[in-house]
Amino acid sequence: MTLDYLRKAEIVARDSIVLKATTFNNLACYYRRTGKVRTALSYLIQALELELKIDQPKTLADTHLNLCAVLSQLDRHEDALQHSMLSIILLQD
């Protein structure tokens with residue numbers, strides 16, 4: 001996925017919390033892979049805020065795992081651990 005496609009998805013998803021959260025997650029993955037880790041973190045925080053409003057444990061768990069990876073890259077390992085534990089709890093329920 002290129003950034004252009006993700007930007008178009010962001011426009012299409014503006015009226016859907018689920019689609020917007022998914023798009024933010026995908027944008028975060030893109031930015032993480034391109035080395036823009038702080039931008040990735042920003043998108044993941046936005047995705048998390050949206051996903052907390054809906055009841056979809058699997059997508060919320062995915063976001064927590066992505067947060068874990070990004071926070072670990074930022075040497076915030078304690079925060080990363082918390083997100084990985086939240087993901088496990090969500091997937092066990």
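Values below: every heavy atom of this structure, side chains too, minus hydrogens, waters and symmetry copies. Just so you know, residue 1 is the first one in the sequence shown, and it goes up from there.
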| Side-chain heavy atoms under 4.5 angstrom apart, residues restricted to Ile, Leu, Val, Met, Phe, Trp, Tyr: same cluster for L65 and L48? | no
| Between I54 and F24, is there a shared hydrophobic cluster once you connect ILVMFWY residues whose side-chain heavy atoms come closer than 4.5 Å? | yes
| query | Can you tell me if S42 uses its side chain to pair, donor with acceptor, with the backbone of R38 under 3.5 Å? | reply | no
| Point-to-point distance, once rounded to the nearest 0.5 Å, from SG of C68 to NE2 of H77 | 10.0 Å
| Do any N or O atoms from the side chain of T22 and from the backbone of V18 form a donor-acceptor pair under 3.5 angstrom? | yes
| Would you say the side chains of N25 and N66 form a donor-acceptor pair under 3.5 Å? | yes
| message | Between L52 and L41, is there shared hydrophobic-cluster membership here, with clusters defined by ILVMFWY side-chain heavy atoms closer than 4.5 Å? | response | yes
| Where is the tightest heavy-atom contact between A21 and A47, given as atom of each residue plus distance? | O-CB, 3.6 Å
| task | Hey, could you give me the OG1/OH distance between T39 and Y43, rounded to the nearest 0.5 Å? | result | 8.0 Å
| request: Look up atom CG in L91 and atom NE2 in H64, then write down how far apart they are to the nearest 0.5 Å. | output: 10.0 Å
| request: Establish whether L19 and I17 are linked, either directly or via other cluster members, by ILVMFWY side-chain heavy-atom contacts under 4.5 Å. | output: no
| field | Nearest-0.5 Å distance that lies between atom CD in E51 and atom CG in D62 | value | 8.0 Å
| message | According to a hydrophobic-cluster definition based on side-chain heavy atoms being under 4.5 Å apart (Ile, Leu, Val, Met, Phe, Trp, Tyr only), do V70 and L50 belong together? | response | no
| query | Could you walk me through whether L44 and R32 pass the side chain to side chain contact (heavy atoms under 4.5 Å, CB included) check? | reply | CA-CA 10 Å; L44 287 170; R32 181 173 160 250; over 6 Å; no
| Rounded to the nearest 0.5 Å, how far apart are CG of L67 and CG of D79? | 9.5 Å
| message | Nearest 0.5 angstrom please: S72 OG to E78 CD, how far? | response | 11.0 Å
